[in-house]
Colleague: 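Can you keep this structure in mind? I'll have questions shortly.
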Amino acid sequence: MHDDRTLVEDRLKRVLDERVRPAVYPESVPLDVAVWHAPGEPVPVAEGLAATPEPIAVGDAWGAPWGTSWFTVTGTVPAAWAGRTVEAVLDLGFDKNMPGFQCEGLVYRPDGTPVKGLHPRNDWVRIGSPVEGGEEVRLHVEAASNPVILDYHPFLPTELGDRETAGTRPQYRLARMDLAVFDETVWQLVMDLEVLGELMRELPVESARRWDVLRAVGRALDAIDLQDVGATAAAARERLAGVLSAPAVPSAHRISAVGHAHIDSAWLWPLRETVRKVARTTSNMAALLDSEPDFVFAMSQAQQWAWVKEHRPEVWAKVTKAVAGGRFVPTGGMWVESDTNMPGSEAMARQFVHGKRFFLGEFGVENEEVWLPDTFGFAAGLPQIIKAAGSRWLLTQKISWSRTNAFPHHTFLWEGIDGTQIFTHFPPVDTYNCSMQGSEIAHAARNFKDKGVARHSLAPTGWGDGGGGTTREMVAKAARMRDLEGSATVTWETPAAFFAKAEAEYPHPPVWAGELYLELHRATLTSQARTKQGNRRSESLLREAELWAATAAVRAGHPYPYERLDRVWKTVLLHQFHDILPGSSIAWVHREAERTYAAVARELEEVIGSAQRALAGDPGAGTSLLFNSTPHARDGVPAGGAARPAAAAAATRVGPREGGGHVLDNGLLRVEVDGRGLVVSVYDLAAGRETVAPDRPANLLQLHPDFPNMWDAWDVDEFYRNTVTDLVEAEEVAPGEEPGSVRVTRAFGRSAVRQLLVLPAGAGRLEIRTEVDWHETEKFLKLAFPLDVRADRYASETQYGHAYRATHTNTSWEAAKFEACNHRFVHLEEPGWGVALVNDSTYGHDVTRAVRADGGTTTTVRASLLRAPRFPDPQTDQGVHRFLHALVPGAGIGDAVREGYVANLPARLVPGDRDVEPLVAVDRDAVVVTAVKLADDESGDVVVRLHEAHGGRAAATLTANFPFTRVSATDLLERPLGEAEREGRAVRLSLRPFELVTLRFHR
Ligand SMILES: [Zn+2]
């Protein structure tokens, strides 16, 4: 037989594009359109409906960037259409390729009832089926003229990302506002032809099935009268029925489709727009669930649900009704789909506490699956947090974005630093925006790495990023692939149903230990420094606020600010969303985040101040108390207590250095700062050894060009290292006003830096306080510490412990980690002697090593301070920034933990005369208390969370210095798991390495 394959394939494409698809709406009449442009920010629905609109015509421009326009469309269904299905087609000027990244709308009836959302792939509203003819149609559209930030030429700097700089030029032109007859049979034919055409292209050319489909398609095309598609569509469909009904082979891959709309809580749009995006998407999904009985839709991020409840009660009514039906499913059990690299221990835990509590409270639903399809890597501390929250499964597809190494599994056990294992699935479809294209389904089946031992995978299906969700076309295509020869099978299912099946079929999955590092988007650990500092500072203040408020409540009967703490926590958790904390949002988002963090700090300072005043006794007594918020004794004051600090140690001596510069000596360390302001020696007097490498100075600021190939705010590409400028020219190096300090001033490019190097009296650390007035473009600023240490690995603090990475680059996996995340410290050691670099607000760092000519090894730790990408925020990080770093020679891992807390919790001296006894005391430094608070159920119970922080076993006794009736171990949601072992007020603890424990003291 002659091979006419491409002839039929090309014929299918042209006939579909030019004849069959246009015949879905064979007749139409224009609607009358009027518009009211809301001045400024979005208005309440009632105000939009009540406004007086002006006429506007199809083809007219509308929509200043970030504006809201209320369209009113009116018309009459022609009498001649009686018995037909009629829809309004409302094309606001959509680009079909940009759902979620463009203008969008929400359609209302005149009474304010939401009907459904509009986006580029979903621009219809059903008027009736069948209509009688003569119906009056009146609809209102709340249209958002969100500008396109990520355009066809991506990553170009744009001023559109902030209302203040975006200008007023209209962004869109009304394209089509019609009433139209919807020909269901033609639409079904389109679905048949799309599914078969896409399947055919994925099948091997040698396979009989491919040719069966090809011939059937050819016969169907023969049956279509191109001048009257509607009259012949049914006959064409009949010719396809045979190939569509051939069942899948028994070994076919099985896909659980989950209707989904990934909605970034802020990204290329501000938070307020996400509130509306969620309303549009949920309206659409509630409507789709009504018409599609098999369809299942899952939505994550309790915050987004809470927005609908608070801001769009009319949409919330539809959502709660759909949830009750069981097919609109809350998923993920987190407050937002957060970053997981940077959130601190408690914040990561509270993501689950607040997420789960919302879904439990509203719907009685508890998620066992964690849903983080788009998060930029997963810290090794996360598994035990997931488990402690009462969850057991994790889903993400993001690791498929890694540029260097292909992850070896799609379904596996992920093992965290403490040994907790979480059953984890990476959808082999490699997207969270599956649209049920044949190529996607075939890719998932081919790509699945666990073939032969497992058969199920999950496909999150629907338009996402900017929302939109699943379309009726996706549902129609899924129905055809339910059991179709040559295809994987597709079944709509909840995430939990998928995980239960996947776990049951795969009893011994492979294990991956340690972090799930994303080999991409490494610069998200540094971009938008103020957002990162706001997060770190808020986390520290929340620790202090809970600790002192709980102490004041128990000790002094001071009211505990439940509502304030709950609200502030949710604000901080929201800003850990995977495009806010990582610094990858538009200018508007980060500018607003800065203001929000300032308000958070003000509110928490009030809580802390009020609690401390309630505890401190007489403020006029002429004495001051040190309130110690760290988990270890400080200046003679016990952890979690307050007292007058111990007498100060002998002052640090500052003297001239031979050859220029200054020498600082406090009896523990002797530090030499040369005439360039560089630290050339940090001598550990007790250990009798040098910290700084002989060939390179420390406290060296290094400036790199930084222009990645894509994703400017997200990515730093490895070649950035090839070019570097050492900032060694100093304008001034002089003793500082603060005792034991040296002041260094430099200028470079259009920027300036002032540093204060401080060797505090009696402390084994050199503090480096850096203030940068940053005005660079596409540069990366690092602070380098070349250390005379040889170690194969180093530790970085992560949630409830630390994780190790190699200092060498033997394998491609190690080489790819050229920029990584730490919380408060990195630490490296030779047996018996180590050194830590702690920080108050930076996360990115790199560690490299080189063997010197003298045989020794220089291991260089560099903290990442600032970047200056121009997309999506062209002014990223411009202006003044302040950082604290401290070098701690001779530090064991326990010292690194302790100094990390000290750097983040400045000592607070409060006037008063009454010592405060800590609520709880622990007799082992390795056991660190991360939270002391009152129980969220407002019972007055005291909740204490602690963990083993050194990576070893710890037997410890925790003593509660207040009366209680009994003590239970609980999960993160403070739900008792069992009684703890106690003797009087002492609780005996026996902890595994890094084990996390929550105790609840019933009062
Ligand atoms: Zn995302």
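Counting starts at 1 for both ligands and their atoms, in listed order. Along the sequence shown, residues carry numbers from 1.
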Colleague: Among all residues two or more places apart in sequence or in another chain, which pass the side chain to side chain donor-acceptor pair (under 3.5 Å) test with Glu198?
Modeller: Lys477
Colleague: Using the rule ring-ring contact (aromatic ring centres under 6.0 Å, His included), only one of Phe328, Trp371, Tyr432 pairs with His260; which is it?
Modeller: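 Answer after filtering Phe328, Trp371, Tyr432: Trp371.
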Colleague: In this structure, are over 12 heavy atoms from other groups packed under 6.0 Å from Lys387 atom NZ?
Modeller: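 No - once you tally the heavy atoms of other residues, nucleotides and ligands closer than 6.0 Å, there are 12 at most.
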Colleague: Looking only at the aromatic ring of each residue, does the gap between the centers of Trp414 and Phe407 stay below 6.0 angstrom?
Modeller: no
Colleague: Suppose we screen for side-chain contact (heavy atoms from CB on, under 4.5 Å). Which residues come up paired with Pro65, at least two apart in sequence or across chains?
Modeller: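 If we apply the side-chain contact (heavy atoms from CB on, under 4.5 Å) test to Pro65, skipping adjacent residues, the hits are Pro147, Leu160, Ala166, Gln171.
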Colleague: Sorted by chain and residue number, which protein N/O/S atoms are under 2.8 Å from the Zn ion (ligand 1)?
Modeller: His262 NE2, Asp264 OD1, Asp374 OD2, His578 NE2
Colleague: Among residues at least two apart in sequence or on other chains, which ones pass side chain to side chain donor-acceptor pair (under 3.5 Å) with Trp569?
Modeller: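 For Trp569 the side chain to side chain donor-acceptor pair (under 3.5 Å) partners, ignoring immediate neighbours, are Glu546.
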